[in-house]
Amino acid sequence: MTEQISVIVTTYNRENALGAALRGLERQTDRNFEIIVADDGSTDATREYVARRAARLDLSLKHVWQEDRGFRAAEIRNRGILASRGSYCIFLDGDCIPRPDFIAVHRRLAEPGWFVTGNRVLLARDLTDRILGDAIEPERWGLATWLALRARRKINRLAPLLPLPAGPLRKLRTGAWRGARSCNLAVWRSDLDWVDGFDAAFSGWGLEDSDLLIRLLHTGLRRKDGNFATGVLHLWHPENDRSCLPENQRRLDEVEGSDRFRAIAGMSGLGALPRAEAVTIRAGRG
């Protein structure tokens, strides 16, 4: 797979965490990718921060914004997809730090007919505060450091950081959707177009990523595990408001019990993005 990759990074009013995620992307060994910051209604501070980072970045960077009307991750990801140019999309949360081979490994795992689900390591609150407060670069840490942190219960698990070839084991859960999250997910752009992207009918936090995976499976696509290869470092954050979860669960049950694969409120309903909402801050190499 040699085509350009689009990395779609969701964010909301957390410039320090976004900065750590962008730093991790800046240090990738594979440079053939673009970055789209998909902003779910942040203040001007985020736009200004992205512009400053873009001024010294040798990659294409776009900032896509929508009005703040609550948690609308599905819709802003769709706007990010529409603004992208790559043939393969990797979704990354703006509080997740990728390690230097993140893009390269995802590229190796990419295969027509499959989507790739990665995993994450959850960092404790005090460790997160130290990383962000002191501009520490955990993506550079070696296994010994992570072992010590695990022994002190500063991370929830070690397995995502252990590189294993896995081979055929990556295709053992081809029809499973549970346990996969959009904080580390790779899907071909043509497949996203086929299912019309994420479903913005899922309002508020929760299950919009599960809905996408179920609909991808309904088309005949299969899941490949990126575990032990693509693990990201997930910074601590307060728990999101889950008041919409019961309704989102009802929607998920409905799609799981059907054969529907198109989103109810997908990308096609957005049309072309207004210029003010999809601005190339700087288009350099890549």
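Quantities reported herein were computed from a predicted structural model and do not represent experimental measurements.
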Looking only at heavy atoms, what is the nearest atom pair of [X] and [Y], with distance?
X    : Y    : answer
S6   : I36  : CB-CD1, 4.0 Å
S87  : E3   : OG-CB, 2.9 Å
S182 : D209 : N-OD2, 3.3 Å
F202 : L207 : CE2-O, 3.9 Å
V9   : G94  : CG1-CA, 3.6 Å
A265 : A201 : CB-N, 3.7 Å

Gap separating the [atom1] atom of [X] from the [atom2] atom of [Y], nearest 0.5 angstrom:
X    : Y    : atom1 : atom2 : value
R120 : L161 : CZ    : CG    : 13.0 Å
I5   : F33  : CD1   : CZ    : 8.5 Å
L192 : L82  : CG    : CG    : 10.0 Å
F71  : R242 : CZ    : CZ    : 10.5 Å
I214 : T219 : CD1   : OG1   : 12.5 Å
H218 : L213 : NE2   : CG    : 11.0 Å

Short N-O contact, [X] and [Y], less than 4.0 angstrom:
X    : Y    : value
E254 : R251 : no
E15  : R52  : no
D253 : R250 : no
R215 : D211 : yes
R107 : D30  : yes

Under a single-linkage definition using a 4.5 Å side-chain heavy-atom cutoff for Ile, Leu, Val, Met, Phe, Trp and Tyr, are [X] and [Y] assigned to the same hydrophobic cluster?
X    : Y    : answer
L122 : I131 : no
W236 : Y12  : no
L185 : W194 : yes
V187 : F261 : yes
F228 : L158 : yes

Subject >> Name of the residue among E48, E26, H63 meeting side chain to side chain donor-acceptor pair (under 3.5 Å) with R53 >> reply: E26
**OP:** Go through N248 and E208 one step at a time and tell me if the side chain to side chain donor-acceptor pair (under 3.5 Å) criterion holds.
**Re:** CA-CA 8 Å; N248 286 349; E208 79 284 343; 5.6 Å; no
**OP:** Could you check whether the rings of H234 and H237 sit parallel, tilted or perpendicular, using 30° and 60° as the cut-offs?
**Re:** tilted
Side chains of [X] and [Y]: does their closest heavy-atom pair fall under 4.5 Å?
X    : Y    : value
F115 : D191 : no
W65  : D40  : no
L18  : V50  : yes
I81  : I8   : yes
R99  : R140 : no
P98  : L25  : yes
D95  : R14  : yes
M267 : V195 : no

Subject >> Working for side-chain contact (heavy atoms from CB on, under 4.5 Å), residues D199 and L212 >> reply: CA-CA 7 Å; D199 194 340; L212 173 68; over 6 Å; no
Counting distance only, does the side-chain N/O of [X] pair as donor-acceptor with the main-chain N or O of [Y] below 3.5 Å?
X    : Y    : value
R31  : D58  : no
N184 : T230 : yes
T145 : W141 : no
R170 : K224 : no
E34  : S60  : no
R222 : G175 : no
R150 : I155 : yes
D93  : T11  : no
K62  : A83  : yes
R223 : T174 : no

Could you tell me if [Y] and [X] have a donor-acceptor pair between their side chains, going purely by distance under 3.5 Å?
X    : Y    : result
S268 : D196 : yes
S42  : D39  : yes
S84  : R189 : yes

Original post:
What do the steps show when you test V37 against Y49 for side-chain contact (heavy atoms from CB on, under 4.5 Å), and what is the final call?
Top reply: CA-CA 11 Å; V37 174; Y49 178 79; over 6 Å; no
Subject >> K171 vs W114, side-chain contact (heavy atoms from CB on, under 4.5 Å): CA-CA, chis, key distance, verdict >> reply: CA-CA 10 Å; K171 295 182 176 180; W114 300 77; 3.4 Å; yes
Original post:
Is there a side-chain contact (heavy atoms from CB on, under 4.5 Å) between D225 and L169 once you walk through the steps?
Top reply: CA-CA 8 Å; D225 275 325; L169 298 179; over 6 Å; no
Original post:
On the ring face of F198, is R77 found with NZ or CZ under 6.0 Å from the centre and within 45° of the axis?
Top reply: yes
**OP:** Is it possible for you to check whether K154 lies under 6.0 Å from the centre of the six-membered ring of W146, through NZ or CZ, and within 45° of that ring's axis?
**Re:** no
Subject >> Residue R125 excluded, over 12 heavy atoms near CZ under 6.0 Å >> reply: no
